[in-house]
Amino acid sequence: MNKTLSQKLLGTWNTKTIVGVAIGAALFGVLMNYGGIKVTTNTSLTSAYVIPAIVGALFGPLPAGLAAGLGNVVADLLGGWGFWFDWSLGNFVAGYFAGLVGLFGANVEEGVFTVKHAVIYAILCIIGCALGFGVVTPFLTYMWYSSELTITWIQAWAAIVSDATVLIVVGIPLLFALAKRNARGTNLSKED
Amino acid sequence: MDNKFFITLVPGNTFIDKLTGKTKVRIFLLLIIILTATWDIRVILPILLLSIIMLISIKPDVKKNVAIIIFVILMNLFNLFLTWIIKPDYGLEMVGGSTVLFKFTDFYIVTAETMWYFLVRLLKFLASFLVSLTFIQSITPSELAAGLHSIKIPYKICMIVSLAFRYIPDITRDFTNIKISMQTRGLELDSRKSSILTRLKQYVLILIPLIITSFDRVGNIANAMDLRGFGKNKDKTYYCEHEDTKGDKMLVPFIIFLILLYIALVVYKAVYKAPFEVWAPWIQ
């Protein structure tokens, strides 16, 4: 099954994708609230950040971004601590990048995920987090709240480090496990 | 665990609960946009009062609400304290003046303007927090989806939102079950007994079954939706979206007023370029 570039960039959109993003967002919301360890105010070392990795591997980058972005809105609604749309958009960018690994030939649904893909994935995660939390979020925070940027920077750095750590340390073993589980026919050899 | 959450699944019977999702979403979004756009205490204070009235009017669970409000206030105070540590004279930039009230050292001073800025900021955050707290507790997931759709958000996105909320109770139940069963097998999650890294590794052991069970459902749900013809037509109506009630009709002028207020704020900001972001009564 070959996908075109635009399909790879946007993800394939059908009912399954919609449900996948919804469940991803719900998981993200729950894990944001319960599966984490607080680092600073507004940021925590949370296991939620593996969700974009999985949604991205299964459905593509845009679903991954949406799962992270909407998942953050869901988390805000669940936690009841008010909305932080600047962080949601930062999450969207970070999630989008984490989901881009499919562009480089990884296909977790079919069981294809090698060490090469893991390295590419790690690099993408760092770029995504740096761009999302280091550029998009501080910019939006400044635009909307014009609050002291130093604190946003501290939070942004905490977010970049903690989220990239989770995406890499927890995400890679998880992706390997999922790929192994989904591997179909990889142990078959062609008979002459 | 689920009773810690603030989502309501069953609509209540107060005035705000009975409104349509359309009205709730519009008022909520407008209030949040206005609060985000302004630093003027003359706008923030009435909205704060309004949000307190709204919160009380929906008769929420007092204990749960008081706990989260105290938590948010403390978190904000801590944030403000951090700001003060980094820049004690922040009021000079934001309000435009530095009347020293108290001096620790030459650098760590307490100025009236900084305190005024902190007060405005605290009220601003508190108001937007109370507005969203009221909103969460007065809207059901289906109404939220219907309301979002009424402001021309594609229904597939709305579907994602309502589906996500539909599956949160299921996921929390699975999460608790897996966590408890893993702990009975000797998984140590207590922060006093194991380090952050080991705990993070152990969370993977909970996460894998949780994620696999959750994503295994995707196929079933998607098939069920496809069988009922989801995504066949360009548009979709919502079962929970009822006709406008008396309250909805009453609130139309209020919504128009909020839109006008927002436009006025933006125009005022563009035309009359205030030298400083935060207005204070004693600064000209």
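Lettering of chains follows the sequences in order, A, B, ..., and the numbering in each one begins at 1. Predicted, not measured: the structure shown is a model, and the values here were computed from it.
The stretch residues 204-224 of chain B participates, sequence neighbours left out, in these salt bridge (Lys or Arg N to Asp or Glu O under 4.0 Å) pairs: A:R181-B:D216, B:D174-B:R217.
Of the two parts of B:V161, only the side chain, counted from C-beta on, holds a non-hydrogen atom closer than 4.5 Å to a non-hydrogen atom of chain A. Of the atoms belonging to B:I208, heavy atoms from both backbone and side chain fall under 4.5 Å from chain A. If you measure heavy-atom distances from B:I212 to chain A, the contacts under 4.5 Å come from the side chain alone. With a threshold of 4.5 angstrom between heavy atoms, B:L126 does not approach chain A through any atom at all. For chain B, the nearby parts of A:I23 are the backbone and the side chain; heavy atoms of each come within less than 4.5 Å.
Once rounded to the nearest 0.5 Å, the distance linking OG of B:S214 with CD1 of A:I54 reads 9.5 Å. With values rounded to the nearest 0.5 angstrom, A:N14 atom CG is found 8.5 Å from B:K156 atom NZ. Here CG of B:N223 is found 7.5 Å from NZ of A:K16. Values are rounded to the nearest 0.5 Å. In this structure, CD1 in A:I18 is found 6.0 Å from CD1 in B:I160, a value given to the nearest 0.5 Å.
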Task: Residues A:V30, B:Y167; criterion side chain to side chain contact (heavy atoms under 4.5 Å, CB included); working and verdict - done: CA-CA 10 Å; A:V30 172; B:Y167 280 98; over 6 Å; no

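Ranked by heavy-atom pairs under 4.5 Å with chain B, the list A:A25, A:G24, A:G71, A:G20 is led by A:G20. When the candidates B:G219, B:A222, B:S162 are compared by the number of heavy-atom contacts under 4.5 Å with chain A, B:A222 comes out ahead. Of all the listed residues (B:I211, B:I69, B:L130, B:D170), the one sharing the greatest number of non-hydrogen pairs under 4.5 Å with chain A is B:I211.
When side chains are defined from C-beta on, A:L27 counts as touching B:F215, because their heavy atoms get closer than 4.5 Å.
Residues meeting the ring-ring contact (aromatic ring centres under 6.0 Å, His included) test with B:Y155, sequence neighbours left out: B:F230.
The 12-atom threshold is not exceeded at OH of B:Y262, counting heavy atoms of other residues, nucleotides or ligands nearer than 6.0 Å.
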